[in-house]
Amino acid sequence: MTTVIADRLKEHLAKVDELNASIDQYERGIESEQDPKIAEQMRWEVKNDREYMRTLPEARLTPANVTFEDEMQLHGSKRSVRLITYGGGHTQSDAFVYLPEEKLAIIGDLVLSGYHLTMSHANPWEWLKILDRIQELGIETIVPGHGDVCTIETLRGAREYLQYMIGLAAELGPDDASVENAVIPEKYDDWLFRFDFKANLKKIRELAAQRKE
């Protein structure tokens, strides 16, 4: 929080013109995108990036002043909540909020509802272990990182997606063309973040190679 994010803000502030030009180029690429679903998501990305650039000069880094290692409990007048982390799966450290009495978890990007999971900073094998541990909590309702409020079945679907992607990455040939030619299966074809499908495969292959070293 005090190094990576601070350095990123500093770098972005020093490259405002370059970043805006990159967004312009990305937006022009929408016209040549053949997949209408991806084109729609690219437009959303452009809108999101332009809003980020608009607010960037006003951004101020405010690091957390309370942290925890594995778990911290908060007790209010109406309910108690548990802040839990089982380590890093989606990112280096994935904390989530668990309300035991309500059997509800505010789970962040460990689970997405109707979206391809994003693995740019992930460890999919650890991610699977984390989802297994979360299931043991007896959660019924999930507030995901993206998408509608869902149930534990969506978590199981996320776990199945991770397993599928790990298996598919292992089956593909070593060249990048095999990834580029990979087709999203019908089961996941209507999920958003379609552009993450091939990026996820590349990331998993990269990580798998490192695991063998």
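We number each residue from 1, following the sequence as shown.
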Enquirer: If you measure from CG on Leu19 to CG on Leu56, what distance do you get to the nearest 0.5 Å?
Expert: 8.0 Å

Enquirer: Testing the basics here: between Lys198 and Val179, what is the closest heavy-atom pair and its distance to 0.1 Å?
Expert: O-CG1, 3.6 Å

Enquirer: Just by modelled atom types, is the Thr91 backbone N or O under 3.5 Å from a matching donor or acceptor in the Asp94 side chain?
Expert: yes

Enquirer: Take Lys10 and Leu13, measure what side-chain contact (heavy atoms from CB on, under 4.5 Å) needs, and give me the verdict at the end.
Expert: CA-CA 5 Å; Lys10 184 178 180 180; Leu13 285 167; 5.9 Å; no

Enquirer: How far apart are the closest heavy atoms of Leu162 and Pro124, and which atoms are they?
Expert: CD2-CB, 4.2 Å

Enquirer: Considering only heavy atoms from C-beta outward, does the side chain of Pro63 approach that of Leu61 to under 4.5 Å?
Expert: yes

Enquirer: Under 4.5 Å between any side-chain heavy atoms of Thr118 and His90, yes or no?
Expert: yes

Enquirer: Measuring only between side-chain heavy atoms, which start at C-beta, is Phe197 closer than 4.5 Å to Met165?
Expert: yes

Enquirer: Using side-chain contact (heavy atoms from CB on, under 4.5 Å) as the criterion, point out the one residue from Ile134, Ile84, Leu104, Leu83 that pairs with Tyr98.
Expert: Ile84

Enquirer: So, applying side-chain hydrogen bond (donor to acceptor under 3.5 Å, both in side chains) with Glu27, which one of Arg43, Arg50, Lys47 is it?
Expert: Arg50

Enquirer: Give me the atom names and distance for the closest heavy-atom approach of Ser178 to Arg205.
Expert: OG-NH1, 3.5 Å

Enquirer: Output the distance between atom CD (Glu33) and atom CD (Gln41), rounded to the nearest 0.5 Å.
Expert: 9.5 Å

Enquirer: Using the side-chain contact (heavy atoms from CB on, under 4.5 Å) rule, take Leu137 and Phe96 through it: C-alpha gap first, then chi angles, then the decisive distance, then the call.
Expert: CA-CA 12 Å; Leu137 295 172; Phe96 61 96; 3.9 Å; yes

Enquirer: Between Tyr161 and Tyr188, does the ring centroid distance fall short of 6.0 Å?
Expert: yes

Enquirer: Looking only at heavy atoms, which two atoms of Ala59 and Leu9 are closest? And how far apart?
Expert: CB-CD2, 4.2 Å

Enquirer: According to ring pair (Phe, Tyr, Trp, His ring centres under 6.0 Å), does anything in residues 36-82 pair up with another residue at least two apart or in another chain? List the pairs.
Expert: His12-Tyr52

Enquirer: Once you round to the nearest 0.5 Å, how far does CD1 of Ile142 lie from CG of Leu110?
Expert: 9.5 Å

Enquirer: So Asp189 and Lys37, do their side chains get closer than 4.5 Å, heavy atoms only?
Expert: yes

Enquirer: Using every non-hydrogen atom in the two residues, find where Lys203 and Ala122 come nearest and quote the distance to one decimal.
Expert: CE-O, 4.2 Å

Enquirer: For the residue pair His146 and Tyr115, categorise the inter-ring angle as parallel (less than 30°), tilted (30 to 60°) or perpendicular (more than 60°).
Expert: tilted

Enquirer: Begin with the C-alpha distance, continue with both residues' side-chain angles, and end with the deciding distance and a verdict on side-chain contact (heavy atoms from CB on, under 4.5 Å) for Met119 and Leu207.
Expert: CA-CA 11 Å; Met119 303 184 197; Leu207 293 172; over 6 Å; no

Enquirer: With side-chain hydrogen bond (donor to acceptor under 3.5 Å, both in side chains) as the rule and sequence neighbours excluded, what pairs involving residues 122-134 come up?
Expert: Glu126-Lys129, Asp132-Arg159

Enquirer: Do Leu155 and Ile139 touch side chain to side chain, with heavy atoms closer than 4.5 Å?
Expert: no

Enquirer: Taking the side chain from Glu101 and the backbone from Arg79, do they hold a donor-acceptor pair closer than 3.5 Å?
Expert: no

Enquirer: How far apart are the closest heavy atoms of Val149 and Pro144, and which atoms are they?
Expert: CA-CD, 4.0 Å

Enquirer: With sequence neighbours left out, what residues match Glu180 under side chain to side chain donor-acceptor pair (under 3.5 Å)?
Expert: Lys202

